[in-house]
Amino acid sequence: MKYSFESTVRYSEVDCKKNLKLNALINYFQDCSTFQSETLGVGLDYMENNNRAWLLASWQIVTEKLPKFNEHIKITTWPYEFKGVYGMRNYIMQDSEDNYLAYANSIWVMVDTTTGKIARSDELQQKKYILSPKLDMEYAPRKIKVTGVPEPLHSFYAENHHLDTNGHVNNGQYVLMARDCIPEAYDMHQLRVEYKLSATVGDLIKPVLYKNEDSYIVDLTDGNENSYSVIEFK
C-alpha cells in the first residue's frame with residue numbers, strides 16, 4: 001500500500017543555491033514512512049508500548065534533480081517485501097508534473113528495545129503493511145566495499161541534537177556528518193549508506209575519507225576498528 005503527502009520546499013531546507021539539502025531530502029523520505037506508520041496504527045506509540053523499533057540498515061538514494069525553494073513536491077513510500085528480520089521499502093519524490101526528482105530503496109531491521117537484539121516484525125505490522133510491487137530501479141548491494149587510500153579527518157563527539165526518539169544518532173545525521181567531509185561543490189547522483197552501529201551522546205566519531213575515481217567514501221568510525229556508518233557519494 002502506498003502512502004503520499006505533499007509539501008512546499010521551505011527556505012530552511014535549501015542550500016546557498018536554493019536547492020533542497022541532502023539531509024532535508026532524507027528527512028522527507030523518513031517522515032513519509034513515519035506518517036504511514038502512524039496512519040496505520042503502528043507508529044511511535046505502538047512501537048514504544050511493544051518495546052520495538054525499526055532501525056535503518058541501508059539507504060540507496062538516487063537524485064535526478066533536487067527541487068528548489070518554494071517548489072511544490074509530492075513524497076510517496078511503500079513497503080515491498082518482508083524477509084526474515086528485514087523490511088524493504090521504496091520512496092519517490094516528484095514535482096508538480098509527477099516527474100521523478102529522487103527515488104530510493106531502503107532496508108530496515110526491527111530490534112527489541114529492551115535487549116537491543118534483532119526481532120521479527122509482529123503479525124499486526126505484517127497485516128497492516130500491505131505490500132506493493134518494488135520500484136523499477138537498479139538496486140545496489142546493501143554492503144559498501146571500502147576502497148581507496150584512507151585519510152583520517154578531525155574527530156568529534158555525538159551531541160544531543162543528533163539524536164532521535166530511539167536515543168541514538170538519527171540516520172540522516174550520519175549522512176550530514178559525512179557530507180561535510182567531501183567538497184561542497186561535489187555533484188552527487190547516488191548516495192549509499194550502510195549502518196552498522198548506533199552512536200549516542202558522548203560517543204567519539206572519527207571520519208576516515210576515501211577518494212576514488214568516481215566516488216567519495218566516508219567511514220564514520222569510533223576511532224578504533226568499528227564503524228558506525230559507511231557512506232558512499234557517487
Side-chain angles (χ1 to χ4, degrees), residues 1-10 13-15 17-40 54-83 86-109 129-145 164 170-176 178-179 182 186-195 214-218 229-234:
M1 178 184 294
K2 296 185 177 182
Y3 177 89
S4 300
F5 79 98
E6 299 182 17
S7 186
T8 301
V9 177
R10 300 164 176 82
E13 298 172 330
V14 299
D15 59 19
K17 296 181 179 179
K18 302 179 186 177
N19 293 319
L20 184 71
K21 295 177 183 177
L22 179 58
N23 64 306
L25 169 63
I26 292 173
N27 287 340
Y28 271 117
F29 283 164
Q30 184 173 238
D31 287 343
C32 192
S33 50
T34 303
F35 290 157
Q36 183 181 41
S37 298
E38 293 293 329
T39 300
L40 296 175
W54 282 108
L55 298 184
L56 195 57
S58 71
W59 269 125
Q60 180 191 358
I61 300 176
V62 179
T63 58
E64 297 292 354
K65 179 185 177 184
L66 290 174
K68 288 188 172 292
F69 167 65
N70 205 36
E71 186 172 344
H72 182 80
I73 54 175
K74 178 181 178 181
I75 305 90
T76 303
T77 187
W78 64 94
Y80 66 83
E81 184 179 5
F82 285 106
K83 187 176 182 180
Y86 293 103
M88 288 73 160
R89 178 180 284 275
N90 286 135
Y91 299 82
I92 57 174
M93 177 180 284
Q94 297 165 281
D95 62 17
S96 57
E97 297 179 351
D98 292 333
N99 299 308
Y100 280 20
L101 300 170
Y103 54 91
N105 182 50
S106 62
I107 301 175
W108 301 75
V109 63
Y129 289 121
I130 299 173
L131 304 181
S132 295
K134 66 191 300 186
L135 184 66
D136 182 13
M137 61 178 284
E138 185 176 341
Y139 288 82
R142 178 174 68 86
K143 293 184 176 295
I144 298 173
K145 184 177 181 180
D164 57 23
N170 182 261
N171 68 81
Q173 291 294 324
Y174 292 109
V175 176
L176 193 58
R179 184 65 182 87
I182 69 173
Y186 186 70
D187 186 15
M188 186 206 73
H189 178 62
Q190 177 175 270
L191 169 75
R192 293 172 61 208
V193 189
E194 179 187 355
Y195 297 97
D214 64 346
S215 68
Y216 285 96
I217 296 175
V218 180
S229 181
V230 178
I231 301 97
E232 179 192 62
F233 302 92
K234 191 171 185 178

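The shown structure was predicted, so the numbers you read here are calculated from the model rather than taken from an experiment.
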**Request:** Measure across R10 and F69 and return the closest heavy-atom pair with its distance rounded to 0.1 Å.
**Result:** C-CD1, 3.8 Å

**Fill in**
Rounded to the nearest 0.5 Å, the CH2 atom of W78 sits from the CE atom of M88 at a distance of 15.5 Å

**Prompt:** Just how far is it from atom OG of S106 to atom CZ of R142, taken to the nearest 0.5 Å?
**Reply:** 12.5 Å

**Prompt:** Between the side chains of E13 and N27, is a donor N or O closer than 3.5 angstrom to an acceptor N or O?
**Reply:** no

**Request:** Might you work through the side chain to side chain contact (heavy atoms under 4.5 Å, CB included) test for E81 and Y86, ending with a clear yes or no?
**Result:** CA-CA 8 Å; E81 184 179 5; Y86 293 103; over 6 Å; no

**Prompt:** So do the side chains of I75 and F35 get within less than 4.5 Å of each other, counting heavy atoms only?
**Reply:** no

**Asked** NZ of K68: more than 12 outside heavy atoms within 6.0 angstrom?
**Response** yes

**Request:** Identify, with sequence neighbours excluded, every residue that meets ring-ring contact (aromatic ring centres under 6.0 Å, His included) alongside Y91.
**Result:** F29, W59

**Item:** H189 side chain to T63 backbone, donor-acceptor under 3.5 Å
**Value:** yes

Side-chain atoms of residues 129-138: list all donor-acceptor pairs with protein atoms under 3.5 Å, sequence neighbours left out, distances to 0.1 Å.
unit_1 : atom_1 : unit_2 : atom_2 : d
Y129   : OH     : S37    : OG     : 2.5
S132   : OG     : M1     : N      : 2.9

**Heavy-atom check, side chain of S96 versus side chain of E71, under 4.5 Å** = no

**Message:** So, taking the atom named CD in Q94 and the one named NE2 in H72, what distance separates them when rounded to the nearest 0.5 Å?
**Reply:** 10.0 Å

**Prompt:** Distance from N70 atom CG to K18 atom NZ, nearest 0.5 Å?
**Reply:** 10.5 Å

**Message:** Measuring from atom CZ of R89 to atom OH of Y3, what distance do you get when rounded to the nearest 0.5 angstrom?
**Reply:** 11.0 Å

**Complete:** What one should report as the nearest heavy-atom pair of Y195 and S58 is CD1-N, 4.0 Å

**Asked** Y100: what forms a ring-ring contact (aromatic ring centres under 6.0 Å, His included) with it, not counting sequence neighbours?
**Response** none

**Message:** Which heavy atom of D214 sits nearest to which heavy atom of K234, and what is that distance?
**Reply:** OD2-CE, 3.1 Å

**Prompt:** Is a donor on one side and an acceptor on the other found under 3.5 Å between the side chain of E194 and the backbone of I144?
**Reply:** yes

**Prompt:** Is a donor on one side and an acceptor on the other found under 3.5 Å between the side chain of T76 and the backbone of I92?
**Reply:** no

**Request:** Drop me the distance from I231's CD1 to R179's CZ, to the nearest 0.5 angstrom.
**Result:** 12.5 Å

**Prompt:** Which residue, L56, N170, D31, V175, forms the side chain to side chain contact (heavy atoms under 4.5 Å, CB included) with I26?
**Reply:** V175

**Message:** Determine whether a donor-acceptor pair (N or O, by modelled atom type, separation under 3.5 Å) exists between the side chain of N90 and the backbone of P79.
**Reply:** no

**Prompt:** Under 6.0 Å between ring centres, would you say that holds for Y186 and Y216?
**Reply:** yes

**Request:** Show the numbers, then the answer: is there a side chain to side chain contact (heavy atoms under 4.5 Å, CB included) between L101 and E64?
**Result:** CA-CA 5 Å; L101 300 170; E64 297 292 354; 5.9 Å; no

**Request:** With the side chain counted from C-beta on, respond yes when Q30 and N171 share a heavy-atom pair under 4.5 Å apart, and no when they do not.
**Result:** yes

**Prompt:** Is there side-chain contact between L20 and M93, with heavy atoms separated by less than 4.5 Å?
**Reply:** yes

**Request:** For the pair R192 (side chain) and K143 (backbone), establish whether a donor and an acceptor sit closer than 3.5 Å, ignoring hydrogens and angles.
**Result:** yes

**Request:** Return the minimal non-hydrogen interatomic distance between Q60 and Y139, and the atom names on each side.
**Result:** OE1-CA, 3.6 Å

**Request:** Start with the C-alpha gap between L22 and M188, add the side-chain angles, then the distance that decides, and say whether side chain to side chain contact (heavy atoms under 4.5 Å, CB included) holds.
**Result:** CA-CA 10 Å; L22 179 58; M188 186 206 73; 3.9 Å; yes

